[in-house]
Engineer: 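First, the structure itself, so that you have it in front of you.
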Amino acid sequence: MSSILRVDEIQKTSGTSFPMGKVAQIVQGTSSAEGSTTSTSYVTTNLSASITPSATTSKILIQSYLRLTPYKASGTSASLGATIYRDSTNILTSTQTNTIQASGNGSNAIGMRMLTPLIFLDSPSSTSSLTYAIYVKAESGSTAYYHQSTCQGSIILTEILA
C-alpha cells in the first residue's frame, strides 16, 4: 500500500522555510555498447538518462564519464568532440564541449583512450520528462570511438531545487 503526501510548503518549527539548493532526485544511466563514427556532425553514444523535474525553477546537474578514443591511421593528429544533448538540443556551446586530441609523427597510427568527464549545470525551466544524452563527433579524417573495449559509461542527473 502506498500513500501520497502533497503540501505547498514545509516549514521548520520556528516558522521559517527550508533553504533551497537541496537535492530532489538522482537518476543514472549506463551504456557499454561499443561504437564509432567518422561523422563530423554529432551522433549519439546511446548513453542517456531521463528525469522529470519537480519544479520549473529546478537545476539539473549532469555528470557523465565515458571512454573516448580519437583515432587516425596516419597523420599528425586525431581528434573528436563530445557534448550533451537535452532531448534534441545540444545544450553546450562550442567553448563548453570537450575536445580530445592525440598527436603523432605523420606516418604511424594515432590514438589515445581516455576516460572523459562532461559536467554541466542546466536550467531547463520544465516539469516535463527530459532526456539527457552524450553525443560525439569525429574531426575531419579521424574516427571517434566510444565505450571502447566495452568500458561502461555513466551519466548521472541530479535535480537541485532552486
Side-chain angles (χ1 to χ4, degrees), residues 23-162:
V23 171
Q25 61 179 314
I26 299 173
V27 178
Q28 180 181 20
T30 61
S31 178
S32 57
E34 186 173 333
S36 66
T37 184
T38 57
S39 174
T40 56
S41 298
Y42 284 110
V43 299
T44 185
T45 63
N46 297 315
L47 177 56
S48 66
S50 296
I51 193 167
T52 303
S54 57
T56 57
T57 56
S58 291
K59 309 272 188 209
I60 305 297
L61 177 62
I62 304 118
Q63 301 172 87
S64 178
Y65 302 91
L66 70 159
R67 181 183 283 172
L68 295 174
T69 304
Y71 176 82
K72 189 183 282 187
S74 65
T76 56
S77 68
S79 58
L80 62 80
T83 194
I84 303 169
Y85 273 64
R86 179 191 339 112
D87 295 328
S88 60
T89 303
N90 184 349
I91 60 173
L92 300 184
T93 65
S94 61
T95 59
Q96 294 169 321
T97 58
N98 196 339
T99 301
I100 301 169
Q101 184 169 15
S103 298
N105 65 10
S107 61
N108 296 319
I110 303 162
M112 176 180 63
R113 287 184 186 173
M114 182 169 188
L115 185 61
T116 305
L118 282 170
I119 301 169
F120 184 72
L121 184 62
D122 189 29
S123 301
S125 300
S126 176
T127 55
S128 298
S129 178
L130 304 169
T131 299
Y132 290 88
I134 306 303
Y135 279 61
V136 297
K137 69 177 180 178
E139 299 302 327
S140 182
S142 297
T143 301
Y145 289 93
Y146 49 90
H147 310 308
Q148 199 169 21
S149 301
T150 62
C151 181
Q152 180 173 286
S154 177
I155 184 168
I156 301 166
L157 308 177
T158 304
E159 179 186 2
I160 301 169
L161 299 175

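Numbers here are sequence positions counted from 1. Because the structure is predicted, anything quoted here is derived from the model rather than measured.
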Engineer: Between Lys137 and Leu80 (side chain of the first, backbone of the second, donor and acceptor by atom type, cut-off under 3.5 Å), is there such a pair?
Structural biologist: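 Absent.
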Engineer: Are the side chain of Thr30 and the backbone of Ser154 linked by a donor-acceptor contact shorter than 3.5 Å?
Structural biologist: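 No, because the side chain of Thr30 does not come within donor-acceptor range (under 3.5 Å) of the backbone of Ser154.
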Engineer: Short question: side chain of Ser48, backbone of Asn46 - any donor-acceptor pair under 3.5 Å?
Structural biologist: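 Such a contact is absent between Ser48 side chain and Asn46 backbone.
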Engineer: With a 3.5 Å distance limit and no angle check, can you tell me whether Ser58 reaches the backbone of Glu159 through a side-chain donor-acceptor pair?
Structural biologist: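 Not at all, since once roles are kept as given, no pair shorter than 3.5 Å links the two residues.
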Engineer: Nearest 0.5 Å, please: how far is CG in Leu68 from OG in Ser36?
Structural biologist: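 Ser36 atom OG to Leu68 atom CG measures 12.0 Å (nearest 0.5 Å).
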Engineer: Does Cys151 offer a backbone N or O that forms a donor-acceptor pair with the side chain of Ser149 under 3.5 Å?
Structural biologist: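 No.
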Engineer: According to side-chain contact (heavy atoms from CB on, under 4.5 Å), who are the partners of Ser129, at least two apart in sequence or on a separate chain?
Structural biologist: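 Ser129: side-chain contact (heavy atoms from CB on, under 4.5 Å) contacts with Ser50, Thr52.
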Engineer: Residues two or more places apart in sequence or in another chain: which of them pass side-chain contact (heavy atoms from CB on, under 4.5 Å) with Ser128?
Structural biologist: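 For Ser128, the residues satisfying side-chain contact (heavy atoms from CB on, under 4.5 Å) (neighbours in sequence not counted) are Ser126.
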Engineer: Looking at Arg67 and Gln148, would you say the former's side chain and the latter's main chain have a donor-acceptor pair under 3.5 Å?
Structural biologist: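 Yes, Arg67 side chain to Gln148 backbone: donor-acceptor pair under 3.5 Å.
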Engineer: Under 3.5 Å, side chain of Thr37 to main-chain N/O of Ser39, donor-acceptor pair present?
Structural biologist: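 Here the side-chain-to-backbone pair exists.
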Engineer: Mind jotting down which residue pairs meet the ring-ring contact (aromatic ring centres under 6.0 Å, His included) criterion with at least one end in residues 133-162? Sequence neighbours excluded, please.
Structural biologist: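 Passing the test, one end in residues 133-162: Tyr85-Tyr135.
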Engineer: I'd like to know whether Leu118 forms a side-chain contact (heavy atoms from CB on, under 4.5 Å) with Ile62, so could you lay out the CA-CA distance, the side-chain angles of the two residues, the decisive distance to 0.1 Å, and finally the verdict.
Structural biologist: CA-CA 8 Å; Leu118 282 170; Ile62 304 118; over 6 Å; no
Engineer: Answer yes or no: is there a donor N or O on one side and an acceptor on the other, between the side chain of Thr127 and the main chain of Thr56, under 3.5 Å?
Structural biologist: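 Not at all, since once roles are kept as given, no pair shorter than 3.5 Å links the two residues.
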Engineer: Ignoring hydrogens and angles, tell me if any N or O in the side chain of Asp87 forms a donor-acceptor pair with the backbone of Thr131 under 3.5 Å.
Structural biologist: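 Yes; at least one donor-acceptor contact below 3.5 Å.
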